Amino acid sequence: MLASGKPFTAVLAFDDLTALGVVRGLTEAGLRVPEDCSVLGFDDVLPAAVATPGITTIRQPLKEMGLLAAEWMLEALEEREHGTPQKPKLHKAQPELVRRMSTARAAKERRKDGKARKNT
């Protein structure tokens with residue numbers, strides 16, 4: 001993204017560990033997180049909480065998902081024993097945004113080098 005020269009104000013990483021790498025790369029390029037670029041991760045792993053800056057992340061309800069998966073597995077085994085057809089199931093678990101210090105409002109303008117211009 002930096003090499004493209006195209007302006008950007010945020011990066012949504014695949015996961016929190018990748019987000020930590022993004023913070024390092026932006027810092028090495030002379031950008032400040034979150035002043036010049038916000039960084040958002042996914043999973044809410046421990047390093048995201050203790051990093052500087054702490055990584056804003058999306059937390060999945062893992063306990064709820066695990067309990068539901070176990071319940072569905074037991075139901076499927078029971079249905080299989082009785083010879084009843086198994087119906088596909090879908091559950092959309094509600095994620096949670098965990099706000100930390102790696103995100104901020106976007107600057108209105110950016111210079112060609114990617115650094116934010118001061119708002120006037």
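As a basis for the values below, the full set of heavy atoms in this structure was taken, side chains included, without hydrogen atoms, waters or symmetry mates. Just so it is clear, the model here is predicted, and its values are computed rather than measured. By convention here, the first residue in the shown sequence is residue 1.
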Requested in this report: Identify whether Leu12 and Leu2 are in the same connected component of the hydrophobic contact network (ILVMFWY, side-chain heavy atoms under 4.5 Å).
Outcome: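 No: no chain of side-chain contacts under 4.5 Å links Leu12 to Leu2.
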**OP:** Please answer: with hydrophobic residues joined when any side-chain heavy atoms are less than 4.5 Å apart, are Met65 and Val98 in the same cluster?
**Re:**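 Different hydrophobic clusters.
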Min side-chain heavy-atom separation Leu17-Pro47 under 4.5 Å
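A side-chain contact exists here, since the closest heavy-atom pair is under 4.5 Å.
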Side-chain ([X]) to main-chain ([Y]) donor-acceptor, under 3.5 angstrom:
X      : Y      : result
Ser38  : Ala104 : yes
Thr27  : Val23  : yes
Ser4   : Lys6   : yes
Ser102 : Thr56  : yes

Give, for atom [atom1] of [X] and atom [atom2] of [Y], the distance between the pair rounded to the nearest 0.5 Å.
X     : Y     : atom1 : atom2 : value
Gln94 : Lys92 : CD    : NZ    : 11.0 Å
Arg32 : Leu26 : CZ    : CG    : 12.0 Å
Glu75 : Gln86 : CD    : CD    : 10.0 Å
Ile55 : Asp16 : CD1   : CG    : 7.0 Å
Ile58 : Asp15 : CD1   : CG    : 12.0 Å

> Any salt bridge between Asp44 and Arg100, counting N to O under 4.0 Å?
Replying inline: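 Yes.
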* Cationic N near anionic O, under 4.0 Å, Lys87 to Glu79 ->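 Not counted as a salt bridge, because no side-chain N and carboxylate O are separated by less than 4.0 Å.
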Quick one, Glu71 with Leu67, criterion side chain to side chain contact (heavy atoms under 4.5 Å, CB included). Give me CA distance, side-chain angles, the key distance, then yes/no. CA-CA 6 Å; Glu71 180 183 323; Leu67 289 171; over 6 Å; no
| message | Quick check: closest heavy atoms across Phe42 and Phe14, and the distance to 0.1 Å? | response |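 Result for this residue pair: CB-O, 3.6 Å.
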Exercise. Carefully, step by step, assess Leu97 and Leu40 under the rule side chain to side chain contact (heavy atoms under 4.5 Å, CB included).
Key: CA-CA 10 Å; Leu97 177 63; Leu40 179 76; 4.0 Å; yes
Inset, instruction - Test Asp43 against Gln60 for side chain to side chain contact (heavy atoms under 4.5 Å, CB included), laying out the working first. - result: CA-CA 6 Å; Asp43 287 334; Gln60 298 183 83; 3.5 Å; yes
Worksheet item: Do other residues, nucleotides or ligands put more than 12 heavy atoms under 6.0 Å from Lys89 NZ?
Response: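 Enclosed: over 12 neighbouring heavy atoms sit under 6.0 Å from NZ of Lys89.
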